[in-house]
Amino acid sequence: MGFGEAVAKFYTGYFRFEGRASRSEYWWPFLMRAVINVGMLVAFIAMFVMTGAGDEPEGTFLTGFIGLLIAYLLFNLFNFIPTLAISVRRFHDLDQTGWLVLVFVLINAFFIVTVFAQLIWYALRGTDGPNQYGPDPLGFNPELFG
């Protein structure tokens, strides 16, 4: 199965969770989604670099960023259900239950949440003054500057 046929089958099987999907039926749409997402990332980086260099009028970055963010979210939201459907059909081709897709989605969601939680936690300011683990690394230390 070629690229065009696989992508067409991907979208025509939008809500089809029964049956089987070959490797090419799964991987061609995966490649299409990956290329589009990388393209959006490249567009964001290019927009950021050009705006940071002062080549664009003020406000262009924010407008472009919001537009690109909306396009990214709509594209991935529109592709979420057919991605689940083709993943279930791919598992069926391996003689496995499609419910394993839900297990992997939940595991991935857990890791995404923990990464964001860690990023937020590591960005928070520490406790002011000494605590049970030692002196404040940002505070005045009379022993150093006494």
Side-chain angles (χ1 to χ4, degrees), residues 1-139 141:
M1 178 178 299
F3 177 79
E5 184 183 354
V7 170
K9 205 168 184 181
F10 173 74
Y11 287 114
T12 57
Y14 202 93
F15 290 107
R16 191 166 59 86
F17 288 85
E18 71 281 343
R20 296 167 63 168
S22 67
R23 289 176 292 174
S24 60
E25 188 180 340
Y26 176 83
W27 285 109
W28 281 122
F30 179 90
L31 178 66
M32 181 259 321
R33 293 186 319 272
V35 166
I36 290 172
N37 280 314
V38 168
M40 287 186 196
L41 177 64
V42 168
F44 173 75
I45 292 170
M47 183 177 30
F48 183 77
V49 168
M50 289 189 323
T51 304
D55 296 338
E56 297 292 323
E58 200 164 311
T60 303
F61 175 75
L62 184 59
T63 304
F65 175 77
I66 291 172
L68 194 57
L69 181 63
I70 290 170
Y72 171 81
L73 291 173
L74 286 175
F75 175 76
N76 285 293
L77 187 62
F78 178 72
N79 283 288
F80 183 72
I81 291 174
T83 299
L84 290 178
I86 200 165
S87 298
V88 167
R89 294 194 314 269
R90 184 70 198 122
F91 269 87
H92 289 169
D93 192 47
L94 299 167
D95 201 23
Q96 299 294 317
T97 178
W99 288 105
L100 283 174
V101 173
L102 179 62
V103 171
F104 289 122
V105 166
L106 293 175
I107 290 170
N108 287 330
F110 172 77
F111 283 115
I112 290 169
V113 167
T114 57
V115 165
F116 280 111
Q118 286 178 346
L119 288 174
I120 291 168
W121 211 310
Y122 293 144
L124 294 174
R125 181 174 166 76
T127 355
D128 287 331
N131 66 20
Q132 64 180 339
Y133 299 102
D136 187 348
L138 300 177
N141 186 346

Heavy-atom pair of closest approach, residues [X] and [Y]:
X    : Y   : result
V105 : L84 : CG2-CD2, 3.8 Å
Y26  : S87 : CE1-OG, 3.7 Å
Y11  : M32 : OH-CE, 3.4 Å
R89  : E18 : CD-O, 3.3 Å
W28  : A6  : CB-CB, 3.5 Å
S22  : D93 : CA-OD2, 4.2 Å

> Take atom CZ in R23; do more than 12 heavy atoms of anything else shown fall under 6.0 Å from it?
Replying inline: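 Atom CZ in R23 is not packed in, count stays at 12 or less.
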> So does F17 have more than 12 non-hydrogen atoms from other groups sitting under 6.0 Å from CZ?
Replying inline: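 More than 12 heavy atoms, drawn from other residues, nucleotides or ligands, come within 6.0 Å of this atom.
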To the nearest 0.5 angstrom, please state how far the [atom1] atom of [X] sits from the [atom2] atom of [Y].
X    : Y    : atom1 : atom2 : value
I70  : I66  : CD1   : CD1   : 7.0 Å
T83  : N76  : OG1   : CG    : 8.0 Å
T114 : F116 : OG1   : CZ    : 10.0 Å
I107 : I112 : CD1   : CD1   : 12.0 Å
D95  : R20  : CG    : CZ    : 7.5 Å
L74  : N79  : CG    : CG    : 11.0 Å

> Between F30 and W27, what is the ring plane arrangement, given parallel below 30°, perpendicular above 60°, and tilted in between?
Replying inline: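 Ring orientation of F30 relative to W27: perpendicular.
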>> Would you call the rings of Y14 and F78 parallel, tilted or perpendicular, taking 30° and 60° as the class edges?
In response: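 It falls in the tilted class, 30° to 60°.
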>> Quick check: do T97 and F91 have side-chain heavy atoms less than 4.5 Å from each other?
In response: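 T97 vs F91: side chains apart.
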> Just by distance, do the side chain of R90 and the backbone of A21 share a donor-acceptor pair under 3.5 Å?
Replying inline: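 Yes, the answer is positive, given that a donor and an acceptor are paired below the 3.5 Å cut-off.
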